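Since the structure comes first, as structure tokens, the remarks are kept for the end.
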Amino acid sequence: MTVYESLLERRKRVRLHMTLLDPDKQTAEEAGRLASGAARSGSDAIMIGGSTGVTQEKADATVLAIKSAVSIPTILFPASAANLSRHADALYFMSLLNSRDPRLIVGEQRRAAPLVKKWGLETIPMAYLVIEPGMRAGEVGRADPILRSKPEEAVEYALAAQMLGMRLVYLEAGSGAPEPVPSEMIRAVRAAIDIPLVVGGGIRTAEAAGAVARAGADVVVTGTVVEREKDGEALRRIIEAVKAV
Ligand code: 1GP
């Protein structure tokens, strides 16, 4: 079974939570420890990536440390073709559809493709949509962020993504965003598409995570909260809230 198939299987029973770890934010050893805590708290997969400063060496070391610490899938969430690792279980083969720069829409993907083929890495085609404010992801991705008041724009992109054959849509408010993607936008996109919807950015509390899941997110992603709250209590409550929907 592929990673994507196993996630779909699991989604039939519960909504999913994924933990994002940025290889540039801690040592590989520390990433392994954080991943292990996240898995114990019930997270369904570890996403590995960051907007800046991630090299292939850092990605490799982090993926290997995480893989030796947990058995849940490790999925790359790369900002460019230069920060991939052959050791991950799968790769979000993502296109930042609302970027102004073709490099982020298909350029990095073109550079990555031969390597990914050589490694035999599972690819999960994913539309990446940056919602205002977008934070670093919006800047690095040269995005024209979708305004929070324009759910219909997110719907157009998400439908186009599905028609292009993509298997996931990710609504990204940006790591550390003051607020998550608005519920109204999540609801509108969820109602329009058949493929799973991933939502992340600015989710720091169980209340916020529950609201995002209730609005229709199939997968809720948190990053910052895992790096900040080393005791794991906040994460446990967030995951509980997602699974309760
Ligand atoms: C960023 O959506 C993720 O790509 C996670 O965001 O760090 O705000 O949880 P946070």
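Read the numbers this way: they start at 1 and go in the same order the structure lists the ligands and their atoms. This structure is a prediction, so every number in the text was calculated from the model and none was measured.
With ligand atoms numbered from 1 in the order given, ligand 1 contributes 2 (O) to contacts under 4.0 Å with heavy atoms of Gly200. Remark: ligand 1 atoms within the under-4.0 Å shell around heavy atoms of Thr224 are 7 (O), 8 (O), 9 (O), 10 (P). For ligand 1 and Gly201, the ligand atoms under 4.0 Å from any heavy atom of the residue are 2 (O), 3 (C), 5 (C), 6 (O), 8 (O).
Gly176 counts as a contact of ligand 1, since one of its heavy atoms falls under 4.0 Å from the ligand. Close to ligand 1: Thr222, with a non-hydrogen atom less than 4.0 angstrom away.
Looking at Arg204 against ligand 1, nothing comes within 4.0 Å, counting heavy atoms.
Considering backbone and side-chain atoms together, Val225 places no N or O closer than 3.5 Å to any N or O of ligand 1. Checked by distance only, ligand 1 and Gly202 come closer than 3.5 Å through their nitrogen or oxygen atoms.
Residue Tyr4 is tested with Pro196, Pro73, Pro125 for a side chain to side chain contact (heavy atoms under 4.5 Å, CB included); the sole match is Pro196.
Looking at Leu21 and Ile66, their side chains come closer than 4.5 Å, going by heavy atoms from C-beta outward.
Expressed to the nearest 0.5 Å, how far OG1 of Thr123 lies from CD of Gln109 amounts to 11.5 Å.
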Using the rule given for side-chain contact (heavy atoms from CB on, under 4.5 Å), can you reason through Val219 versus Val199, listing the C-alpha separation, both sets of side-chain angles and the distance that settles it, and then say yes or no? CA-CA 6 Å; Val219 181; Val199 178; over 6 Å; no
